[in-house]
Every structure is written in C-alpha cells, then in structure tokens.
Visitor: 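The structure is given below, and queries will be raised subsequently.
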Amino acid sequence: MSSNFIVMGMYIAEISNSFMHVRCILRHYGMRYTKAYECMEITFMLLYFYGRIILGSAVVWNVCACQHNRFFVKTGSFGLAV
C-alpha cells in the first residue's frame, strides 16, 4: 500500500543527485572555473528547484489527500518536503 507515492517521493529526492556528484567531482579535480562545472551547477540548481519545489509540492499534496495512505507515509512525506 502507498508504494506508488513512495516511489514518486524517491524520484523527486534523487532527480538532481547525479548532477550534484558530477559537480563535486569536477571541483575535486580543480575544474571549478570551467564551463563544464558551470553547466553542471546550473543544471543541478534547475533540477533541484523543479524536483523539490514544483513537482515535490504536488506529490506531497497527493500523498496527504489520499485516504488510503497511512499516517506514517503522510507525515514522512510532509517532513521531507519541509
């Protein structure tokens, strides 16, 4: 029960992680002031904003509005969004 909402939440939480890790790798290799780093940083910020703010608020609303979700799933979803 509620697994589809849990998977949607995992997608939102992980959508920008790969770009964040590439950005950290580029920084460790001394490529902080390159176009590749800037591209990864902008992509990370845009996906983070899209995933957490725009898509995330809609998913939290759907999780909290569903009657069949357990209280733990609702509070966990809301807590992760906050």
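FYI, side chains are in, hydrogens and waters are out, and symmetry mates aren't considered; it's all heavy atoms of this structure. Keep in mind the model is a prediction, meaning the values are calculated, not measured.
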Visitor: Report yes if the side chains of Lys35 and Met40 come closer than 4.5 Å at any heavy-atom pair, otherwise no.
Guide: no

Visitor: For Phe44, I'd like to know if atom CZ has over 12 heavy atoms of other residues, nucleotides or ligands within 6.0 Å.
Guide: yes

Visitor: How long is the gap from CZ on Arg70 to OG on Ser2, to the nearest 0.5 Å?
Guide: 7.5 Å

Visitor: Could you check whether any side-chain heavy atom of Ile25 comes within less than 4.5 Å of a side-chain heavy atom of His28, counting everything from C-beta outward?
Guide: no

Visitor: Taking a hydrophobic cluster as the set of Ile, Leu, Val, Met, Phe, Trp and Tyr residues connected by side-chain heavy atoms closer than 4.5 Å, whether directly or through intermediates, do Met20 and Tyr50 fall within one such cluster?
Guide: yes

Visitor: In the single-linkage hydrophobic clustering (I, L, V, M, F, W, Y; side-chain heavy atoms under 4.5 Å), do Tyr11 and Leu46 co-cluster?
Guide: no

Visitor: Nearest 0.5 Å please: distance from the CD1 atom of Ile53 over to the CD1 atom of Ile12.
Guide: 11.0 Å

Visitor: Counting distance only, does the side-chain N/O of Thr43 pair as donor-acceptor with the main-chain N or O of Cys39 below 3.5 Å?
Guide: yes

Visitor: For residues Tyr48 and Ile54: do they belong to one hydrophobic cluster (side chain heavy atoms under 4.5 Å, members Ile, Leu, Val, Met, Phe, Trp, Tyr)?
Guide: yes

Visitor: Rounded to the nearest 0.5 Å, what's the gap from CE on Met10 to CD1 on Ile15? Could you check?
Guide: 13.5 Å

Visitor: Considering non-hydrogen atoms only, spot the tightest contact between Val60 and Ala81 and give its length.
Guide: CG2-CB, 3.6 Å

Visitor: Starting at CZ of Phe19, measure out to CG of Leu47 and round the result to the nearest 0.5 Å.
Guide: 5.5 Å

Visitor: Measuring only between side-chain heavy atoms, which start at C-beta, is Leu26 closer than 4.5 Å to Arg32?
Guide: no

Visitor: Counting C-beta onward and ignoring hydrogens, is there a side-chain heavy-atom pair between Tyr37 and Thr34 closer than 4.5 Å?
Guide: yes

Visitor: Could you measure the distance from the CZ atom of Arg27 to the OH atom of Tyr33? Nearest 0.5 Å is fine.
Guide: 10.5 Å

Visitor: Under 3.5 Å, side chain of Asn69 to main-chain N/O of Lys74, donor-acceptor pair present?
Guide: no

Visitor: Could you tell me which residues satisfy ring-ring contact (aromatic ring centres under 6.0 Å, His included) with Phe5, sequence neighbours excluded, listed by chain and number?
Guide: none

Visitor: Hey, could you give me the CE/CZ distance between Met31 and Arg23, rounded to the nearest 0.5 Å?
Guide: 15.0 Å

